[in-house]
Number of protein chains: 2
Amino acid sequence: MTRKVSLKDIAAAVGVSTALVSYVLNNKKEGRINKVVAEKIRSTALAMNYRTNQIAKSLKTNRTHTIGLILADISNPFSAALARVIEDEADKHHYTVIFGSSDENPEKYRKILDALVNRQADGLILSPPEHAEPQITDLQQQQIPFVLIDRYFPGMETNYIVLDNYKAAFEVTQHLIDCGHKRIGMINYASSLFHLTERTRGYLAALTKNKIPFIPDYLQQVNVTDLKADTEKAVHNLLQHSAPAAAILFGSNVIAMHAVKYINQQQYIIPDNVALACFDETDAFDLFYAPLTCIKQPIREMGQLAVKMLLENIEHNNTPLKQITLDGELMVRASTRMSDV
Amino acid sequence: MTRKVSLKDIAAAVGVSTALVSYVLNNKKEGRINKVVAEKIRSTALAMNYRTNQIAKSLKTNRTHTIGLILADISNPFSAALARVIEDEADKHHYTVIFGSSDENPEKYRKILDALVNRQADGLILSPPEHAEPQITDLQQQQIPFVLIDRYFPGMETNYIVLDNYKAAFEVTQHLIDCGHKRIGMINYASSLFHLTERTRGYLAALTKNKIPFIPDYLQQVNVTDLKADTEKAVHNLLQHSAPAAAILFGSNVIAMHAVKYINQQQYIIPDNVALACFDETDAFDLFYAPLTCIKQPIREMGQLAVKMLLENIEHNNTPLKQITLDGELMVRASTRMSDV
DNA sequence: CTGAAAGCGCTTACAG
DNA sequence: CTGAAAGCGCTTACAG
């Protein structure tokens, strides 16, 4: 490998000190430098195809201009969309993104986090899995700026930006009730993550509010590790119940996708046999004969605010914590449209 | 910010040199170090919650263990899936991924590339946009290891791993012909990118092979910048033609998505009114009444091979160029299923 | 078995 | 207006 050209090479070529080259190339001490010399430095840098070694610069300045991003799974449309927004926003501020997917696995999450911290990311945007509290505490102790996105731990004092999942779940359940349904099932993840339990809580609250007795069988839990099979079983349990569910709310678009495929296979007609609704928008449903009513998350806003909050924390030491809860948008579509009875 | 603990701190605490600490923590000079001392170093490092500063290490070793990845758009399912595979494979080898989306914009691509190179990525996996040849030449001159993925420039001697787009397009067109169609349209990007022109070439070759005269109106071009409108116009041109197309091949899943939505809106029945096929698989079609026949790309294999090739190039200086062309898989589905006439 | 020392490529207070 | 020098936190050949 031909050695890369360094400040020293330029300095030697021009006949000045590396300090001067550094000043010029970084536009420090504007005007206080001889224009002719400055110009000569600039042109030689260009001619020699100089590229600053960010690693060296980072070591000295203690800034990498890098944001670490951990999401559940970058190939999931929700994560991918979020990643894209974050990338764009980071780029605007001349930050680059390093990322990793946790697969909701605490151990994997811990390892990725370690890698990002060791690489001296200036700050982190995290969508933590269950049991990630110790790592959060760690970051706090090390005083590494971070903001949680999509989820947070209610007991912990951190920056976060999340959906009002309780409210969203309440609204969509209320919508199902308004459609005339009483036997409303929910399929959600078996998880202690707050954003998910909030969804269940919202569902239950809407039932209570409307004086609809809750039937435990109607709340079905599924595991991420075995999602397809679990979901199919859950759908089966709901629809083959002695008092079959007339409507189902899914805790995420991924659950919904598995469920709808199965429901379709079983030849149920939506919404006539069963009305459906879910969290998160996906274009996967756009072409379906009964596009799913869903809670649309403000992904763009979430991502942009997350980056903004993070950069504030990176740039100012004592930024107060910010905890933002955004409203989802109920998108009513054909899967809950009342037939004209 | 409480200063981070460094090798020096550990050395001071234990009462040895930083050199020794470094050796122990990196498992260098195994066995040639006093076990008691080594153990003491390890335990103090743990107690002090030491984390190596990768930036400093990188500056010295000239290795960042980072892979730079540039794709068209991380939020596109094809890119996202590829990114995920690459992340997993990189992780296996203890590499971290920095990424950026080019949006098929050469200028944006150049800027991202610059950022990744300046950050001293050990190597790059690139899906270059049009007119990226100068940047390729640049990388070659700087002897930065890289492999192209999904696309390449036939005139340039680089590592690459791509689909056999000509063959795939030929096959899927032949399939449409075998279904009894003669009036076959194609909607492809107006682009000089080789992988796209190959798709057109394969389409044309299949027509010729089957002695079907090519009607210029049947080949419609669309621009990424105005994709939705262009695609709708293209579909309109094909289906409102004096001799309307009976089948359409789409150059990508994104084009297909726009087209199918529009075709659906216009109440055409698939495949009876028009048969459809496209490149790339998407689960967006899984729930559609006529899932699209498509060419499935071996994404997993592509990503894994790309990382493998790249790491070989990073680790060994004179690795010979490798140029891999993989076959796609024709997935025949309802959008081209012959009705039982 | 261990340490002193140089150096990776930058930045920046300080001196002149 | 410019430069000598220290130092960021590591690694590693060399010496003992």
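Chain letters run A, B, ... following the sequence lines, proteins first and then strands; every chain starts at 1.
Closest of all the heavy-atom pairs between B/M302 and B/L82 is CB-CD1, 4.4 Å.
Other residues, nucleotides and ligands contribute over 12 non-hydrogen atoms within 6.0 Å of the NZ atom of B/K108.
The side chain of A/S17 contributes no N or O atom lying less than 4.0 Å from OP1 or OP2 of D/dT2. Listed pair B/S6 / D/dG9 fails the phosphate criterion, with no side-chain N or O lying under 4.0 Å from OP1 or OP2. Contact annotation: B/T61 side-chain N/O to D/dT11 OP1/OP2 distance is not under 4.0 Å. For C/dG9, neither phosphate oxygen OP1 nor OP2 lies less than 4.0 angstrom from any side-chain nitrogen or oxygen of A/K8. Between B/N53 and D/dC8 there is no side-chain polar atom (N or O) within less than 4.0 angstrom of OP1 or OP2.
For the residue pair A/Q120 / A/R63, no side-chain donor-acceptor distance below 3.5 Å is found, with atom types taken as modelled. Neither side chain, B/R119 nor B/T64, offers a donor N or O lying under 3.5 Å from an acceptor on the other.
Base engagement by B/L7 is indicated by at least one non-hydrogen atom pair under 4.0 Å involving a base atom. Here A/I33 lies in heavy-atom contact (under 4.0 Å) with sugar-phosphate atoms only. The residue B/K28 sits close only to the backbone: its heavy atoms come under 4.0 Å of sugar-phosphate atoms, none of a base.
The distance from atom CD1 of A/I41 to atom C1' of D/dT2 is 10 Å, rounded to the nearest whole Å. Between the CD1 atom of A/I55 and the C1' atom of C/dG9 there is a distance of 11 Å, rounded to whole Å. Look at OH on A/Y23: it is 9 Å from C1' on C/dC14, rounded to the nearest Å. Rounding to whole angstrom units, CZ of residue B/R119 and P of C/dC10 are separated by 15 Å. Nucleotide D/dG9 holds its P atom 16 Å from the CZ atom of B/R51, rounded to whole Å. Here D/dT11 presents its C1' atom at 5 Å from NZ of B/K60, a figure rounded to the nearest Å. Atom CD in A/Q54 sits about 15 Å away from atom C1' in D/dC8, given to the nearest Å. Rounding to whole angstrom units, NE2 of residue B/H65 and P of D/dT11 are separated by 12 Å.
Using a 30° and 60° split on the angle between ring planes, A/Y152 and A/F194 fall in the perpendicular class, above 60°.
Residue-to-nucleotide proximity on DNA chain D shows that, of B/A19 and B/L59, the 5′-proximal contact is made by B/L59.
Where DNA chain D pairs in unbroken runs of 3 or more (Watson-Crick or G-U, both distances under 3.5 Å), the stems are C:1-3 with D:14-16, C:5-12 with D:5-12, C:14-16 with D:1-3.
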Please assess A/T18 against A/I10 for the test side-chain contact (heavy atoms from CB on, under 4.5 Å), listing each intermediate value before the final yes or no. CA-CA 8 Å; A/T18 58; A/I10 299 175; over 6 Å; no
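Distance check: B/D73 CG to B/F78 CZ gives 12.5 Å after rounding to the nearest 0.5 Å.
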